[in-house]
Structures are given as structure tokens and as C-alpha cells.
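Numbering of ligands and ligand atoms starts at 1, following listing order.
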Amino acid sequence: MDEKSIKSCNSLSELEKLRVSIFGKKGYFVGQFAKMKTVADKEKKNFAQKLNKDKEYFLNLLNSKKMQLESQAIAIEMKKDRVDVTLFNSTSEAGALHPVMDTMDKIIEYFVSMNFSIEEGPLVEDDFHNFEALNLPKHHPARDMQDTFYFEDNMLLRTHTSPVQIRTMLKTDPPIRMICPGAVFRRDYDLTHTPMFHQVEGLVVGKSGEISFANLKYILKDFLKYMFGEVEVRFRPSFFPFTEPSTEVDISCIFCKGKGCRVCSHTGWLEVLGSGCVHENVFKAVNYKDVSGYAFGLGVERFAMLLHKIPDLRSLFEGDLRLLEQFR
Ligand code: PHE
């Protein structure tokens with residue numbers, strides 16, 4: 001038994017061996033107490049007292065050494081596991097908004113700033129809201145403008161966000177000033193069409209004579225400048241069953257500044273919106289009287305492609321990280 005080897009011990013297993021050699025069954029103290037028998041009677045008391053003192057001393061010595069070694073081991077462990085939270089990690093990956101959602105947000109931001117409310121409607125629609133109430137009776141040839149996914153019982157995947165015009169007018173009285181962003185579906189797939197895409201619809205209704213084509217022109221021009229910067233805007237006569245008059249809206253090509261290039265098919269113009277004054281038959285279908293209004297609809301993917309110069313619409317839906325990483 002030796003004090004020095006305890007004091008200089010630097011491993012817990014070593015210390016355990018020392019403890020056994022001192023306090024174990026075959027250890028020092030068991031041996032010493034066994035010697036009591038041979039000690040002379042008058043010495044016995046002193047001998048026992050000295051042994052007990054020694055015992056206490058070594059117990060304390062071993063315990064404090066054990067505590068010291070244990071906290072050393074913990075300190076070493078902690079050092080190994082240390083995390084430097086200030087360390088710059090250049091390999092960590094950050095996500096980003098998908099360009100379609102980013103574009104959608106920008107569009108919504110404009111109209112919210114102009115005091116439009118946001119409405120939503122179901123993706124699975126019925127024939128009445130998607131067509132009939134929008135002045136598109138059954139067998140009307142204009143239904144072919146939108147190749148439709150049909151279910152049974154007059155149900156279908158909505159081909160545009162215009163049914164939300166109907167839903168909003170049926171549940172609220174005029175005036176109305178709303179947009180509806182959301183997914184729509186058509187049986188189409190090529191460079192500029194995917195079976196699912198997104199639209200933002202707009203509808204403004206007020207008292208008869210209060211809302212005019214001039215209001216429509218103003219807001220769309222202002223909106224398109226907000227989205228694309230200084231561009232020319234032109235309104236071209238067109239046809240939609242639910243608006244009269246109807247116009248398609250073009251901006252001067254943002255790639256060639258109107259000179260003519262491949263993207264604008266050498267016309268100098270890019271078509272970006274459908275719009276018009278709400279047809280009287282639409283107001284009839286929702287029982288609105290003595291009102292006037294305008295509506296418009298746009299494809300969000302088309303806006304995203306133009307804003308980010310993306311040549312193939314389908315690439316927006318393939319989830320290829322190499323495309324998405326560019327928008328971080
Ligand atoms: N719903 C039309 C489409 O999907 C767009 C549109 C909306 C046109 C509102 C006029 C008014 O093509």
C-alpha cells in the first residue's frame with residue numbers, strides 16, 4: 001500500500017486496482033485487522049485506532065483521486081465533442097422559393113397593395129362554376145379553348161381560376177375587388193404547356209357605370225410596369241365568353257426591346273394576359289343587377305419564364321436541383 005502511487009495514478013482502471021489491493025478481501029486492511037489477534041492486549045486499542053484512522057485516510061484519498069480523474073475524463077470528452085457555432089460552413093445547403101412561387105408572391109404583393117382581397121376555390125370544380133355560369137353553355141365551341149380533365153357527374157379539374165369569380169359573387173354582394181391565385185389543369189404538354197399550371201385571376205365589380213374599361217387598362221398597365229419595368233403595353237381585341245369587350249394584353253418584348261427576336265416570334269410583342277369587362281350573362285348567372293366590372297387572368301409560369309429567361313416551361317416542374325439552385 002502506497003500513498004504515492006495513488007497520488008500519481010492517472011487512470012481510473014489503475015486506481016480501481018489500487019483500491020482492491022487496499023480494501024479488497026485479500027487487501028491490506030483485511031490483512032491488518034486479522035493481525036489484531038497477535039497484538040498484545042494493552043497495544044490492541046492503539047493498534048485498532050491507528051488502523052481505523054489509516055482506513056479513513058485512504059478512503060478519502062481514493063475518493064478524491066477518483067473524482068479528479070472522472071472530471072478529467074469528462075473534460076477530455078467535452079473537448080472532443082465541442083462544436084464551434086461560429087465556424088463558417090460553406091458546404092451547408094440552403095433552400096429557396098421555387099421561381100413560380102416567387103413570381104406568384106410578387107404578383108400577389110402588387111394587388112394586395114392595391115387593396116384587392118385574396119380568394120380561393122376548389123381544384124375539383126363542377127361544370128356550372130367552371131363553364132356554365134361563365135357564359136359557356138354545354139356544346140359551346142369555346143369550351144374547346146380549354147382541353148379539360150373530366151370526372152363523372154359533371155365534375156372536372158378546373159381549367160382556369162375564373163370559377164372563383166362565380167363563387168365569390170355568389171357568396172358576397174358587390175362591390176368586389178379580388179384576386180384568386182391557384183393551380184389549374186388542362187390536357188396539354190409541350191414546350192409552353194404543362195397539364196398543371198398556375199393562374200392569378202382578378203375581378204372588380206361596382207355599381208353600374210362605376211367600373212369601366214379605362215380602370216382595367218390603368219391597373220393592368222401599372223401592374224405590368226411593376227412586374228417588368230419600363231415596357232410598352234398594348235390591348236388587342238380578343239374573345240372570351242365571359243367578358244365583353246375582351247382583350248388580350250401584350251408587352252413589348254423584354255428580350256429584344258421590341259425589335260423582334262425568336263422569343264417574340266419576331267413580332268416585338270409578348271402576350272401576357274387575358275382580360276375584359278364582365279359579360280352581362282355572367283352577372284345574370286349570379287343574380288347581380290345594375291353592376292359593371294372587369295376581370296383578367298394570367299399564367300404565372302409564363303411570367304416566371306419571362307422574368308427569369310427560362311426557355312422550356314417543363315423544366316419548372318422537373319425538380320432538377322441544377323435549375324433550382326440558381327434561384328438561391
Ligand atoms: N380564364 C381565362 C383563361 O384561362 C383568362 C381570363 C380571365 C380572360 C378573366 C378574361 C378574363 O384563358
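Comparing S238, G297, G299 against atom 7 (C) of ligand 1, the shortest heavy-atom distance belongs to G297. Remark: among candidates C277, G274, G276, the nearest residue to atom 8 (C) of ligand 1 is G274, based on non-hydrogen atoms.
Close approach to F296 involves these atoms of ligand 1, each under 4.0 Å from a residue heavy atom: 7 (C), 9 (C), 11 (C). Ligand 1 places these atoms under 4.0 Å from at least one heavy atom of R186: 3 (C), 4 (O), 12 (O). Within the listing of ligand 1, atoms 3 (C), 4 (O) sit less than 4.0 angstrom from a heavy atom of Q199. Below 4.0 Å from some heavy atom of S162 lie the following atoms of ligand 1, by number and element: 1 (N), 7 (C).
Counting heavy atoms from C-beta on, the side chains of L306 and F255 come closer than 4.5 Å. The side-chain heavy atoms of L298 and V272, taken from C-beta on, include no pair separated by under 4.5 Å. In this structure the side chain of R302 never reaches within 4.5 angstrom of the side chain of F197, judged on heavy atoms. Within the 4.5 Å cutoff, the side chain of N52 has heavy atoms near those of the F33 side chain.
A donor-acceptor pair shorter than 3.5 Å cannot be found between the side chains of S315 and D320. Side chains of E248 and S238: a donor-acceptor N/O pair is present below 3.5 angstrom, by distance only.
Taking distance alone, with nitrogen or oxygen atoms compared against 3.5 Å, H160 approaches ligand 1 more closely than that limit.
Classification of the Y110-F223 ring pair by plane angle, with boundaries at 30° and 60°, yields tilted.
Contact annotation: for S246 versus ligand 1, there are no heavy atoms closer than 4.0 Å.
Remark: minimum distance from atom 2 (C) of ligand 1 to any protein heavy atom is reached at F242 CZ, 3.8 Å.
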